[in-house]
S.K.: 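Before I ask anything, here is the structure I am working with.
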Amino acid sequence: MIGSRLLTELDIARLREQFPVLNQQVNGRDLVYLDNAATSQKPRAVINALVDYYTGYNANIHRGIHTLAEKATKTYEQTRETAKQFINAATTEEIIFTRGVTEGINLVASSYAKVFLTKGDEIIISGLEHHSNIVPWQLACGSNGASIKVIPVKDNGTLDIEAYKALLSNKTKLVAVNHASNSLGTINPVKEIIDLAHEVGAVVLIDGAQSGAHLPIDVQALDCDFYCLSAHKMYGPTGTGILYGKKALLEKMPPYHGGGEMIKEVSFEKTTYNDLPYKFEAGTPNIADVVAFHYAMTFILETGREVMAAHEHDLLVYATERISQLKGVKIYGTGAEKLSVVSFTVDGIHPFDIGQMLDARGIAVRTGHHCTQPLMDRFKIEGTVRASFAIYNTRKEVDQLVEALERVINFMK
Amino acid sequence: MSLNEVQDEIISEFSLLDGDMEMTVFYIMELGQKLKEMPETQKTEDNIVKGCQSKVWLTADLQNDKLYFEADSNTAITKGLVSLLVRIFNGQSADTILNADLYFMHKIGMERFIGTQRSNGFASMVKQMKLYALAFKTKIEAGK
């Protein structure tokens, strides 16, 4: 629909019309929503899909023989097909619906790491990880005696790949890193990380929480073993996401949760499990949100990932240039490859105060440690202010942010 | 001034801001800047108020059976908010503090400009100040 060029103001204005939540005032001013790394807003197609499902064909899926159940099943499975194409998986059997990235990682930690790793084995994570890509591995290691090694972060917020190479050994059984950092925006060289891990025979999980809406994802080209996505950071609903896993691995893994849907036959003596992907989808799933997730991925594909990336990169460059000129500002995460995230501190002003003062002008940003406390410790800071952009943000909104920051800085001096 | 007279004074000051969120936030920070400096030696782990998202230090002293608080915070807005409590409670008796109904919070619309998390933190500060009042009351009564 839109060619591979920079979007015009008119293009953005039309896009924004699809997001009803953006059209409101907060504290007497037009809302400026710059907290997209936490969750993105939803286009009308996604909202309508939820309403249509509940008003038109709400039914439990897979076992019903009536018309509504058939329609619900078909639309639910349509999302699996879309997801398969979205990340270029080989088959829909490799697409497991989860509550989001956190559940995807916990599933792999529980059904893979806890089961197949033993004392002496090592898991490598990175210093850029969200708590959800740290704690599940700690839980797994707590029960199997394996240990965790951490790839250090360089001053510019990128990973020290030489140090990673040095950590790899025949003890390494699993590597888990994010595709891009939620706190700093750093895009990690995941292809290189995966290839190096495979050389020592380790499997690799990629946390795609931040990449889903912003980067092209091709799991076969990456050759990753697991890849996790959260719908709500991809213009989709909360409470659903995907775990991609290579079929051979998923087949040898035991189920994560027991219950309905995941079984083939149950007797009190023995239960046989359902085939992939249902083996990992116990209980009635989050049908409505999965159904709506299809429309979120379609929104991204139809808008065009390249178009989105170009617009968001333009905002990143513009915001970085303007924010870095402000007095006392330090930007964290200055690597060459970045998502549209600007994370910064201002001398002598606590991030909470900045966040609250921006909110007073209708500007939504995130402040604090962003669930990456080890990373904050690495930079010896309590937290940052993070502005994260999406396709519907504008240069004018960057100007509003900068103007509000100037007021805060002038007031505090 | 009585405790309620101080509250009424604060309510009337805030009413001049006419509900403008940005002015209100700036005003709260200004109040914090005016709060008497707390000596660095008092900013200890023991003096930290538990349950606040930001760091808040609080100490209390008894002079002529009246309480006097000192407070500080690492965030400017919280420091401004705690300064309101210090202003209301300083120079009051333990009983007055224990029985205080802090109606000013609702009247100035505090819930609008402090989120749920800060509300809980603010409640922790009030609780800690009342605990000091209770401790001093017990001490005074034991001394009689």
S.K.: Hey, what do you get for OG1 (B:T78) to NE2 (A:H350), rounding to the nearest 0.5 Å?
M.R.: 8.5 Å
S.K.: Would you say that more than 12 heavy atoms from the other residues, nucleotides or ligands in this model lie under 6.0 Å from the CD of A:Q25, or not?
M.R.: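 Yes, enclosed.
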S.K.: Please indicate whether A:N23 has more than 12 foreign heavy atoms, meaning atoms of other residues, nucleotides or ligands, lying under 6.0 Å from its CG.
M.R.: no
S.K.: Working to the nearest 0.5 angstrom, can you tell me the gap between B:T24 OG1 and A:Q356 CD?
M.R.: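 Between atom OG1 of B:T24 and atom CD of A:Q356 there are 10.5 Å.
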S.K.: Does the pair B:E22 and A:F411 meet the rule for a side-chain contact (heavy atoms from CB on, under 4.5 Å), with working shown?
M.R.: CA-CA 12 Å; B:E22 193 183 25; A:F411 176 82; over 6 Å; no
S.K.: How close do B:F26 and A:M357 get, heavy atom to heavy atom, and via which atoms?
M.R.: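 Looking at all heavy atoms of both residues, the shortest contact is CE2-SD, 3.7 Å.
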S.K.: Check this for me: B:K107, atom NZ, are more than 12 non-hydrogen atoms of other residues, nucleotides or ligands nearer than 6.0 Å?
M.R.: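 No, NZ of B:K107 has 12 or fewer neighbouring heavy atoms, counting only those of other groups under 6.0 Å.
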S.K.: Between A:D353 and B:A76, is there a donor-acceptor pair closer than 3.5 Å when you use the side chain of the first and the backbone of the second?
M.R.: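 Yes, A:D353 side chain to B:A76 backbone: donor-acceptor pair under 3.5 Å.
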S.K.: Measure B:Q33 against the heavy atoms of chain A and call it side chain, backbone, both or neither at under 4.5 Å.
M.R.: side chain
S.K.: Taking side chain as C-beta onward, heavy atoms only, is A:E382 less than 4.5 Å from B:N74?
M.R.: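 Side-chain contact under 4.5 Å: yes.
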S.K.: Rounded to the nearest 0.5 Å, what separates atom CD1 in B:I77 from atom CD1 in A:I354?
M.R.: 10.0 Å
S.K.: For A:K396, is the NZ atom crowded, meaning more than 12 foreign heavy atoms sit under 6.0 Å from it?
M.R.: no
S.K.: Which atoms of A:R29 come close to chain B, meaning under 4.5 Å heavy atom to heavy atom: side chain ones, backbone ones, both, or neither?
M.R.: side chain
S.K.: If you count every heavy atom of other residues, nucleotides or ligands that lies below 6.0 Å from A:R378 atom CZ, does the total exceed 12?
M.R.: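 Atom CZ in A:R378 is packed in, count exceeds 12.
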